[in-house]
Amino acid sequence: MKNLKCKVIHSDSEFTESLEKKIQENSLPVEIIGQNETDENYLILDFKKNPTDEIKALLSKKDKETILFISEDKDSELSELLKKYPVQHVLRDEDDNKLNLITDILNTNINNEYWSLQKILGQSTQIQETLFKKSSDVNPLIEKFVESVDLSNAFKEIPTYLTQTVNELVTNAMFNAPVDGDGKAKYRSMDKRKNLDLLPCEYVTLKYGASDSVLAFSVRDQFGSLNKETIYQYLSRGLQEIIRHEDKDGGAGLGLALIRQFCHRLIFNISPGNFTEVICYIDKMKRFKLHQTHVKSIHVFFQKG
Amino acid sequence: MSEVVYENEKLKVYMASEGAAIKFSFEGCIDEDFHCENLVGKNPAELHIDFKDVKVINSCGIREWVNFIEKLGSAVPIKYNNCPQIIVQQINMVDGFLSANANVETFFAPYFCEECDSEHVILLKGSDVATGVAPTQKCPDCNASEDMEFDAIEKQYFHFLEIKKSA
Ligand SMILES: [Zn+2]
């Protein structure tokens with residue numbers, strides 16, 4: 001077990017106190033350090049207004065992770081920010097669950113883990129698994145998967161959202177993730193109208209589970225070929241309010257923007273050279289308006305050395 | 001009379017004449033397999049596109065769509081009809097999904113009846129929402145005296161009408 005040091009910059013003075021209490025309750029080996037200290041492993045930052053030079057300097061520091069709070073209407077500014085600074089966790093300031101999320105993030109880091117579907121839903125939740133081996137299987141298997149989902153208490157558009165999101169993630173994992181020995185993408189430029197048969201070491205896995213209030217699923221490739229730079233480029237593009245189609249190389253940005261319309265939390269677990277896993281969850285709310293305005297968060301976990 | 005003018009495993013496009021205009025009706029999934037060669041070069045006086053039976057559109061499909069709309073050119077007026085919510089969301093988010101010569105004539109919008117706790121999608125005309133306010137609707141399921149509640153944020157959902165106004 002390691003000790004973590006957190007620096008907190010938040011406009012709400014009670015926030016730091018509540019966080020400290022939460023950390024104690026969970027007996028986490030985490031210390032909140034003073035504003036003048038400089039050896040933080042975590043920067044917890046409230047992004048209410050444009051960052052000052054001082055904050056920019058903190059954001060560009062290496063060997064630390066950042067948890068950023070942002071308000072609903074700040075997406076375009078966040079998009080700009082992510083072009084320059086790797087922020088691992090973006091949480092909504094309006095999220096009632098934010099203290100629990102932070103302690104979960106810290107705990108995950110302390111134990112050198114990822115957020116798995118099983119961990120999110122609880123150990124007793126049943127997880128179902130689907131393997132995608134060729135491109136012609138994608139639509140029929142997704143259709144079968146969506147039919148199997150229990151949609152009680154969820155609103156009518158959920159099947160569409162599930163279909164859209166899983167299609168996007170599986171197609172991406174199939175065509176863009178596999179790389180050859182030199183790290184070159186194998187199928188990215190292939191004519192997608194032709195059938196693609198994956199090798200066993202290239203299969204894409206979809207996992208799904210649900211609780212009373214959440215539908216969660218993950219799509220995992222066996223490559224982990226997304227590097228940090230690319231993922232932040234994608235995140236930045238995906239957060240733009242209007243996606244410009246002339247960003248021809250920004251395909252994944254558009255994919256991410258689509259997924260983000262439909263999911264409330266997005267988690268990227270990346271183990272370079274081993275796997276990339278994207279976990280999505282959708283809160284089962286009945287109304288479209290609630291779904292649209294519900295808090296959304298993004299989390300990136302890179303394998304730690 | 002309509003004929004199938006384009007077909008792949010997941011998508012069918014029907015073509016029909018509507019006076020001097022032609023109508024393309026899309027049915028299924030618009031994705032990387034959609035290629036528009038058969039649909040361009042018809043040069044009608046007006047083009048109507050019906051999205052009612054579009055089930056899925058993925059990011060590759062959006063790219064193909066923008067490509068298709070570019071190839072149609074700017075001379076022929078285009079009308080989008082029966083746009084489901086997923087299409088409205090893309091029109092609002094993706095630059096070029098609705099070109100300058102295209103307009104949304106009809107689209108589906110979400111409503112909610114608090115009385116019987118039910119969701120409904122109602123077909124609206126672009127002209128119904130001239131002021132950016134959702135028109136009132138009665139629940140088709142129950143006899144509630146109250147109007148249903150518009151179940152989206154008007155400013156976001158009707159964004160495409162604003163773009164057209166400011167163009
Ligand atoms: Zn009713």
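Proteins come first, then strands; the chains are lettered A, B, ... in the order of their sequence lines, and each starts at number 1.
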A.B. asks: Is the count of non-hydrogen atoms from other residues, nucleotides or ligands lying under 6.0 Å from A:Asp180 atom CG greater than 12?
C.D. replies: yes

A.B. asks: Using the side chain to side chain contact (heavy atoms under 4.5 Å, CB included) rule, take A:Lys289 and B:Tyr157 through it: C-alpha gap first, then chi angles, then the decisive distance, then the call.
C.D. replies: CA-CA 10 Å; A:Lys289 196 176 192 167; B:Tyr157 204 79; over 6 Å; no

A.B. asks: Under 6.0 Å from the NZ atom of A:Lys134, do we count more than 12 heavy atoms belonging to anything else shown?
C.D. replies: no

A.B. asks: Locate the shortest heavy-atom distance separating B:Ser59 from A:Leu258; write the atom from each residue and the value.
C.D. replies: N-CD1, 3.4 Å

A.B. asks: Would you indicate whether B:Glu146, at its atom CD, is surrounded by more than 12 heavy atoms from other residues, nucleotides or ligands within a distance under 6.0 Å?
C.D. replies: no

A.B. asks: Would you compute the distance between atom OG of B:Ser118 and atom NZ of A:Lys156 and round it to the nearest 0.5 angstrom?
C.D. replies: 6.5 Å

A.B. asks: Less than 4.5 Å to any heavy atom of chain A: does that hold for the side chain of B:Lys55, its backbone, both, or neither?
C.D. replies: backbone

A.B. asks: Drop me the distance from B:Ile86's CD1 to A:Glu157's CD, to the nearest 0.5 angstrom.
C.D. replies: 7.5 Å

A.B. asks: Side chains of B:Glu119 and A:Arg287: does their closest heavy-atom pair fall under 4.5 Å?
C.D. replies: no

A.B. asks: Step by step, would you call A:Phe288 with B:Val121 a side chain to side chain contact (heavy atoms under 4.5 Å, CB included)?
C.D. replies: CA-CA 11 Å; A:Phe288 183 72; B:Val121 283; over 6 Å; no

A.B. asks: Does CG belonging to A:Asp197 count more than 12 external heavy atoms closer than 6.0 Å?
C.D. replies: yes

A.B. asks: What distance separates B:Asn58 CG from A:Thr163 OG1, expressed to the nearest 0.5 Å?
C.D. replies: 11.5 Å

A.B. asks: Between A:Ser136 and chain B, with a heavy-atom cut-off of 4.5 Å, which part of the residue counts as in contact: side chain, backbone, both or neither?
C.D. replies: neither

A.B. asks: With distance as the sole test, does A:Gln164 use its side chain to make a donor-acceptor pair with the main-chain N or O of B:Ile57 at under 3.5 Å?
C.D. replies: yes

A.B. asks: So which of B:Glu149, B:Gln90, B:Glu32, B:Gln85 has the biggest tally of heavy-atom pairs under 4.5 Å with chain A?
C.D. replies: B:Gln85

A.B. asks: Does CD belonging to B:Glu9 count more than 12 external heavy atoms closer than 6.0 Å?
C.D. replies: no

A.B. asks: Taking it one step at a time, do B:Val94 and A:Leu254 satisfy side chain to side chain contact (heavy atoms under 4.5 Å, CB included)?
C.D. replies: CA-CA 8 Å; B:Val94 182; A:Leu254 184 53; 3.8 Å; yes

A.B. asks: Using a 6.0 Å cut-off, check whether atom NZ of B:Lys52 has over 12 heavy atoms from anything other than its own residue.
C.D. replies: no

A.B. asks: Would you give the length of the straight line joining atom OG1 of A:Thr160 to atom CD of B:Gln89, rounded to the nearest 0.5 angstrom?
C.D. replies: 10.0 Å

A.B. asks: First locate atom CD of A:Gln261, then atom CG of B:Asn92, and finally report the distance between them rounded to the nearest 0.5 Å.
C.D. replies: 9.0 Å

A.B. asks: Please indicate whether A:Lys133 has more than 12 foreign heavy atoms, meaning atoms of other residues, nucleotides or ligands, lying under 6.0 Å from its NZ.
C.D. replies: no

A.B. asks: So, do B:Asp31 and A:Thr171 sit near enough that their side-chain heavy atoms are less than 4.5 Å apart?
C.D. replies: no

